Amino acid sequence: MAKKIWCATLFLLLIAVYSVAYSAEKLRVLNPTPPNRMVDRVPLTPRLDTLEGKTIYLVDIGWGGPQAAPSIYAEMKAWFAQNMPSVKIEIRTIKGSYMEDQPELWKEIKEKGHAAMIGISG
């Protein structure tokens with residue numbers, strides 16, 4: 001009987017220690033929804049009627065390392081050269097982190113390009 005009481009006491013002691021140890025731990029949860037309103041929707045850019053004679057920028061954001069996208073973009077450029085030679089493909093890589101704004105690049109695309117594919121590859 002004493003052994004059962006001792007085991008029960010030990011069990012209750014362990015529960016008490018764990019509950020004290022973990023009750024001091026705080027968990028913070030962030031709500032990703034915008035406060036009090038919906039996010040303003042921005043419409044998609046209208047599709048081009050044709051790619052013939054257009055300039056398309058392929059922009060590598062650097063995700064996956066410096067060698068992830070160049071070979072894929074080179075293949076895409078070669079495909080356009082063979083199948084749609086009037087389409088000019090410009091390949092660019094962002095400077096710095098993909099989280100940084102690229103005002104010079106956006107300006108170049110806006111002035112010289114008709115479309116851009118911005119993202120990852122590889």
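Given the structure is predicted, the values throughout are model-derived calculations rather than measurements. These numbers come from the heavy atoms of this one structure, side chains and all, not from hydrogens, waters or symmetry mates.
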Residue set satisfying side chain to side chain contact (heavy atoms under 4.5 Å, CB included) with E100, at least two apart, ordered chain then number -> S97, Q102

Practice problem: Please identify each residue that fulfils side chain to side chain contact (heavy atoms under 4.5 Å, CB included) with T93, with sequence neighbours left out. | Solution: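 Only D60 meet the side chain to side chain contact (heavy atoms under 4.5 Å, CB included) criterion with T93.
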
### Query
Please walk me through it: do W79 and M84 pass side-chain contact (heavy atoms from CB on, under 4.5 Å)?
CA-CA 8 Å; W79 185 92; M84 299 181 79; 4.0 Å; yes

Could you tell me the separation between the [atom1] atom of [X] and the [atom2] atom of [Y], rounded to the nearest 0.5 Å?
X: Y57; Y: I109; atom1: OH; atom2: CD1; value: 6.5 Å
X: L51; Y: N83; atom1: CG; atom2: CG; value: 12.0 Å
X: M76; Y: I56; atom1: CE; atom2: CD1; value: 8.0 Å
X: T55; Y: H114; atom1: OG1; atom2: NE2; value: 5.5 Å

Considering residues at least two apart in sequence or located in another chain, which fulfil the salt bridge (charged side-chain N to carboxylate O under 4.0 Å, His left out) criterion with [X]?
X: E108; result: R92
X: K77; result: none
X: D40; result: R37

Smallest separation among heavy atoms of I89 and L58, with atom names:
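The pair with the smallest heavy-atom distance is CG2-CD1, 3.7 Å.
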
**Request:** For the residue pair W106 and D101, establish whether any side-chain heavy-atom pair is separated by less than 4.5 Å.
**Result:** yes

**Pair listing, side-chain hydrogen bond (donor to acceptor under 3.5 Å, both in side chains) test, anchored in residues 45-54, at least two apart** =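 Matches after skipping sequence neighbours: E52-S86.
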
